[in-house]
A.B. asks: 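After the structure tokens below, expect a handful of questions from me.
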2 protein chains.
Amino acid sequence: MKFEAVTIKDIAKALGLSTSTVSRALRDSYEISNDTKKIVLDYAKKINYRPNPIALSLKEKRSRSIGVIVCEIANSYFSQVINGIESVAYDRGYNVIISQSHESYEREVLDLQYLASRSIDGLIISISAETKDLEHLTKLHDRGFPIVFFDRVVDEIQTHKVITNSQGACDATTHLIRKNYKRIANISNATNLLITKSRIEGYKKALKDNGLKLDEALIEYCPHGGLVYEEVEKALDKLFMLDKKPDAVLSTTDKITTSCLRYFKARNIKIPDDIALIGFSNSELTELLSPPLSIVRQPAFKMGEAATNFLLELIESKRPITNFETKVMDTELIIRQSTR
Amino acid sequence: MKFEAVTIKDIAKALGLSTSTVSRALRDSYEISNDTKKIVLDYAKKINYRPNPIALSLKEKRSRSIGVIVCEIANSYFSQVINGIESVAYDRGYNVIISQSHESYEREVLDLQYLASRSIDGLIISISAETKDLEHLTKLHDRGFPIVFFDRVVDEIQTHKVITNSQGACDATTHLIRKNYKRIANISNATNLLITKSRIEGYKKALKDNGLKLDEALIEYCPHGGLVYEEVEKALDKLFMLDKKPDAVLSTTDKITTSCLRYFKARNIKIPDDIALIGFSNSELTELLSPPLSIVRQPAFKMGEAATNFLLELIESKRPITNFETKVMDTELIIRQSTR
DNA sequence: TTGTATGCGTTATCAT
DNA sequence: ATGATAACGCATACAA
């Protein structure tokens, strides 16, 4: 069942005017007499005329919509980022079209194909944990398509980016060291992601700064970003099978943090008595856990806002931008009782 | 900086063919020779041609995108619904454009204006807690615009709807009664919402079926859907100031449940010793709380899927549909330790 | 001040 | 088997 809307043509016909007069009257052009304007405007209002954005898009070669690709919407971090994106986009008159990669490279490529062509004016993306080949993105970027990365960014593409620094992981690790934990495990996202490297780096820096020896056996990676519980389970199994078991765990993504909690609970491993846990998380419920969970919180909403401002700058700039910026934002370390 | 894409015209010019030949070749029309097809297809692939969906939309008078209005994305229930919507939409070749009402009637009207006209083919909506006047929706609906309601539906508009039954609240209340709680408070959403009426009804039914007297003083409403913590705080303050205080609380939305937990924690009120709590929630973390929270879980993902299937049926139907369906889905009662 | 014609990218209709 | 043209809704250069 199609929904037939009113067009300029309808108004013109009804009023015995030409479409161009109506068009100009609606846009309050100086060339149209006040009388005509009033007649047109009144009638347009009466029949609830709305310009067809698709026709406008075709004409202006811009859709006023931006695409967003994240791994999962139902993840507190990403939903908060989307919230930030949506707030800026809405204010500036843009639609937000959201796609989920579900941590699948293949799906990410499909999403991009779907969003690209010209139905979106630009893209905000946090790449999937599986993504190693960037051709789908470089191909667009090289042709001048505006792309902004956030969270899981890539080095190979020169554009605006929004990330958090490695200080979050460093602070969390330092905190654990100060609390006298000696064998601090680190469970992170896929190895290929820059964000993983950055968080591992923060972790290593803290160890080094505090004179602790790095034990590579204490670092575990989740190739699917912790999307499947089993990979976190496997990682923890391995850690607990070590001769020298960890006495604390730093988990560096929302999803992995939740899985760690689930793992400990299932095995009746007590936090912080049996093991300490600090995790990256943006869930509002972490403070209500028992014990309340120490976390590293990312400024998700602000990251979404920043990414969108960057993207709209790229989209609306008259001339190609070559001077790109990477906005590095601070995380917030919230100490609660899961780390004694 | 604009992104210039390849058009049929470019291909036609490059290959010395007419646009119609190219168009037909790309669509594998029987009237085009295999040789020509191959030449066109190869060249199109080489230069990475993609049809312009906006031009298609203008021609077909459909945008292949659907609008979604929810109060908040960053809410486990709604993000899971959106996940379901997105999954069906994606499979059927539709974009999903998301807007948030933030529980504001005014914002909902703006969102709708923004989405309407012809940039979306249909709408999936869960109305804001503030919404009483439905003119913004009826106006569209009366003109044949496809709308599907879910979760917070309305009686006044005849169309497909997806809801959960009142059994969830009834089951939860019955469970509390069986556990020997006598004074069961109910904290619900705004009074004007049907979903509130339904859940209160389930609650009352359980009391009645079990021979308990209804005490209206034990029912509290949150006009802003619990979006502001203070209204939940006020509701609980009132309940705890009663001469006969409640010994259990049933909270009927995600947001309110979280606020209850926060309130009890802030005041060191122990669950379930000081008071029992069971709440509607779709968060994955509730089982990790201490005590693990008894919940009523809604089939959020499935509700999103069902709503989208309904909407696409309305959109793609050749003739006006007058036979509307309301899909009533079951909730899941998960008993954990917050209710002894 | 108003009207006519053109084009945005695509496809359907009608030639050739 | 292929090409020319009109149309979708709108804005605008150009005419009148």
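Quick caveat: nothing in here was measured; it's all calculated off a predicted structure. Naming convention: chains lettered A, B, ... in sequence-line order (proteins, then strands); numbering from 1 in each chain.
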A.B. asks: Confirm from the modelled atom types if R50(B) and dG9(C) form a donor-acceptor pair under 3.5 Å, side chain to base only.
C.D. replies: no

A.B. asks: For the backbone of A300(B) and the side chain of Q80(B), can you confirm whether one donor and one acceptor N or O come within less than 3.5 Å of each other?
C.D. replies: no

A.B. asks: When you measure from the side-chain N and O atoms of T36(A) to the phosphate of dT1(C), is any distance below 4.0 Å, counting only OP1 and OP2?
C.D. replies: no

A.B. asks: Just how far, in rounded Å, is P of dT16(C) from CD1 of I32(B)?
C.D. replies: 18 Å

A.B. asks: Considering just the side-chain nitrogens and oxygens of T21(B), establish if one lies under 4.0 Å of OP1 or OP2 belonging to dT2(D).
C.D. replies: no

A.B. asks: Taking only N and O in the side chain of S23(A), is any of them less than 4.0 Å away from OP1 or OP2 of dA11(D)?
C.D. replies: yes

A.B. asks: Do any side-chain nitrogens or oxygens of K61(A) fall under 4.0 Å of OP1 or OP2 in dG9(C)?
C.D. replies: yes

A.B. asks: Going by modelled atom types, is there a donor-acceptor pair between the base of dA12(C) and the side chain of K59(B) at under 3.5 Å?
C.D. replies: no

A.B. asks: Using the closest heavy atom to pick a nucleotide of DNA chain C for each, name whichever of A55(B) or K37(A) lands nearer the 5' end.
C.D. replies: K37(A)

A.B. asks: Which nucleotide wins on minimum distance to the side chain of T7(A), given the candidates dT4(C), dG3(D), dC10(D)?
C.D. replies: dC10(D)

A.B. asks: Which whole-number value in Å describes the distance from I8(A) CD1 to dT4(C) P?
C.D. replies: 15 Å

A.B. asks: Rounded to whole angstrom units, what separation is found between the CZ atom of R24(A) and the P atom of dT12(D)?
C.D. replies: 9 Å

A.B. asks: If I take atom OH in residue Y30(B) and atom P in nucleotide dA1(D), what distance separates them, rounded to the nearest angstrom?
C.D. replies: 10 Å

A.B. asks: Might you point out which heavy atoms bring N309(A) and R92(A) nearest each other, and give the distance in Å?
C.D. replies: OD1-NH1, 3.6 Å

A.B. asks: Whole angstrom is fine here: how far is it from CD1 in I39(A) over to P in dT1(C)?
C.D. replies: 14 Å

A.B. asks: Would you please test R152(A) and E103(A) for salt bridge (charged side-chain N to carboxylate O under 4.0 Å, His left out) and show each step?
C.D. replies: CA-CA 12 Å; R152(A) 303 183 188 167; E103(A) 300 291 17; 2.8 Å; yes

A.B. asks: Tell me the interatomic distance from E60(A), atom CD, to dG7(C), atom C1', rounded to whole angstroms.
C.D. replies: 14 Å

A.B. asks: Expressed as a whole number of angstroms, how long is the span from Y49(B):OH to dT11(C):P?
C.D. replies: 6 Å

A.B. asks: Can you tell me if NZ on K37(B) sees more than 12 non-hydrogen neighbours from other groups inside 6.0 Å?
C.D. replies: yes

A.B. asks: Determine the contact category for S57(B): base if any of its heavy atoms lies under 4.0 Å from a base atom, sugar-phosphate if only primed atoms, P, OP1 or OP2 are that close, otherwise nothing.
C.D. replies: nothing

A.B. asks: Does R27(B) reach a base, just sugar-phosphate, or nothing at all? Heavy atoms under 4.0 Å.
C.D. replies: sugar-phosphate

A.B. asks: About how many Å separate CD1 of I321(A) and CD1 of I315(A), when rounded to the nearest 0.5 Å?
C.D. replies: 10.5 Å

A.B. asks: Tell me if a side-chain donor or acceptor on S23(A) pairs with a main-chain N or O of T19(A) at a distance below 3.5 Å.
C.D. replies: no

A.B. asks: Using the closest heavy atom to pick a nucleotide of DNA chain D for each, name whichever of L58(A) or E31(A) lands nearer the 5' end.
C.D. replies: L58(A)

A.B. asks: Mind checking if S33(A) touches a base, just sugar-phosphate, or nothing, with heavy atoms under 4.0 Å?
C.D. replies: sugar-phosphate

A.B. asks: DNA chain D: S18(B) or L26(A), which has the more 5' nearest nucleotide?
C.D. replies: S18(B)

A.B. asks: Send over the distance from K9(B) NZ to dG3(D) P, rounded to a whole Å.
C.D. replies: 16 Å

